[in-house]
2 protein chains.
Amino acid sequence: MCAVLCLCGTLLRMSTPQGARARARTEVTAAIKDEARRQLAAEGAAKLSLRAVARELGMVSSALYRYFPSRDELLTALIIDAYDSLGEAAEAAYAKVSGESPARQWVAVCEAVREWALARPHEYALIYGSPVPGYSAPSTTVPAAARVGLLLIGIVRDAYQDKGVAQWKLPAELRPEARRMAEDLAPDLPPEVVVVLIGAWAQLFGLVNFEVFGQFNRVVEDRGAFFRHAAGQLAHHVGLVYPRSGAKER
Amino acid sequence: MCAVLCLCGTLLRMSTPQGARARARTEVTAAIKDEARRQLAAEGAAKLSLRAVARELGMVSSALYRYFPSRDELLTALIIDAYDSLGEAAEAAYAKVSGESPARQWVAVCEAVREWALARPHEYALIYGSPVPGYSAPSTTVPAAARVGLLLIGIVRDAYQDKGVAQWKLPAELRPEARRMAEDLAPDLPPEVVVVLIGAWAQLFGLVNFEVFGQFNRVVEDRGAFFRHAAGQLAHHVGLVYPRSGAKER
DNA sequence: CACAAACAAGAGCACTGCTCTTGCTTTGGA
DNA sequence: TCCAAAGCAAGAGCAGTGCTCTTGTTTGTG
């Protein structure tokens, strides 16, 4: 029954002036998430406390359980929001450079991801660090989590001309898997490209991880320049030519 | 106390004939870390409880504070151990293939890292996931953390012949930083190679992260083959030629 | 209007990290 | 050899946590 009402609330939230009660519920829910995000940014996910959130909001801790059935559910909600926020940031960056070359688009999206992560390290840790509640994220998060990946695939798809991309013939053991992945993700791209794309996707977040989590601390100083260069190499690696920078050789 | 006393009684391992007291201390310290590692593997870092460790060891929680001044200190100790364990695994894998081609050495080390991580996901999360105690790891962990990176650098150094490696001229903005990094890490390698090496290092852990933390869940199925291929590409990217697999072009 | 659902509040449980005090045991130097 | 100092285990206790259950109150709707 709760689910039904919740669904009604979410479906009609924007247009119809629902009962004051439903409106209050979404407002309180948002307030809880905002305060939780504040504590998250201040102290990290480990020290996020339901009681502290409730205290800060002037309510009693047990009242909060009417909005989120457990601390982990609150965290899951924050995770989805974080994925969406990152996806929006990436898409906004893409929109700004949609006229430029594919390689520039790629690098712009990568840099947007990096900047989002550096601005909200704790939210980033929530989604690309170790899974907090112990188990992996529930399937609710999947669509939100896929946004950045799909955006990168889209860039390559739009730029793809079927020449000069697949530097590597796939080893035999990987060929069926590559066909499967390509079918699922981008049927219009050759499997070689999809494989390299998935790798680049993971490697991009490897770079961001190391920077956000401090692994570059006494190693790389000018991390902006380093990341720009690495993202450009990734672009090249997935088959996008990067004009007028560096000077590619061959 | 049973467990502790038994352990004290059984093995007197080290060479130094310390006083019985000092020996007991190191034994108890090891027992605590072992039990903590067990709980870590079972439940994850978030649910590692000093009281539970003490309980399992038959001692009282306050007694444990004589060995580790806080929970975070225990975690730090586990972090250092994990770095060392990973480093040892990587070096062991390297030793086994030290006669083969550099690219094979590279891939072998990468696969050792991956296998270590998949076997101990929670310990891996401790060192390459989000930093748990809130702040980043203290500088005590630095030498242990560097082992895998230094091993990879060593492979490239040993294999380096100064031709055919630097595909990319560095952009001007990165050149001073690249010189600095090369000076610190591998003065005998050209800056272009060092830059690409650091990037490959981070990207390797990006691949492992995505697999261990479940980001590949509905995306990549045959992750072993995928990782092998991606590691081979990284080897190629840092300038190591990968013989008789895939079929390199050029 | 009346009723059932939604809600706030409080008490309470079992747990956590951590501190302080109380005694006992081991150790190293006089 | 003896004795103070240091190391140690144990217990009580504090403040905090996630979560549950019960008790009343508010509110939208049949």
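Small disclaimer: the values here were computed from a predicted structure and weren't measured. Here is how names work: the chains are called A, B, and so on, in the same order as the sequence lines, proteins then strands, and each is numbered from 1.
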Trace of the side chain to side chain contact (heavy atoms under 4.5 Å, CB included) decision for A/V220 with A/F227: CA-CA 10 Å; A/V220 185; A/F227 182 86; over 6 Å; no
Using OP1 and OP2 only, check whether a side-chain N or O of [X] sits under 4.0 Å from [N].
X     : N      : answer
B/Y65 : C/dT16 : no
B/R25 : D/dC8  : yes
A/R55 : D/dT17 : yes
A/S49 : D/dG18 : yes

Between [N] ([atom2]) and [X] ([atom1]): distance, integer Å:
X     : N      : atom1 : atom2 : answer
A/I32 : C/dC7  : CD1   : P     : 10 Å
B/Q39 : C/dC15 : CD    : P     : 14 Å
B/R66 : C/dT26 : CZ    : C1'   : 13 Å
A/F68 : C/dA6  : CZ    : P     : 17 Å
B/E73 : C/dC18 : CD    : P     : 10 Å
B/Y67 : C/dC18 : OH    : C1'   : 18 Å
B/R71 : D/dT17 : CZ    : C1'   : 13 Å
A/M59 : D/dT26 : CE    : C1'   : 15 Å

If the threshold is 4.0 Å, N to carboxylate O, is there a salt bridge linking A/R38 and A/E35? yes
Hey, are A/R180 and A/E183 close enough for a salt bridge, meaning a charged N less than 4.0 Å from a carboxylate O? no
Of all the nucleotides listed (D/dG11, D/dG18, C/dA9), which has the minimum atom distance to the side chain of B/V60? D/dG11
Out of C/dA9, D/dC8, C/dA8, which nucleotide sits closest to the side chain of A/S62? C/dA9
Side chain to side chain contact (heavy atoms under 4.5 Å, CB included) test vs A/W201 passes for just one of A/L152, A/L234, A/V196, namely A/L152
By nearest-heavy-atom nucleotide on DNA chain C, the more 5' of A/S61 and A/L64 is A/L64
Is any N or O donor-acceptor pair between the side chain of A/R51 and the base of D/dG16 shorter than 3.5 Å? no
Any side-chain heavy-atom pair from A/L78 and A/R37 closer than 4.5 angstrom? yes
Just to be sure I understand the rule, does B/L48 reach a base, reach only the sugar-phosphate, or reach nothing, if contact means heavy atoms closer than 4.0 Å? sugar-phosphate
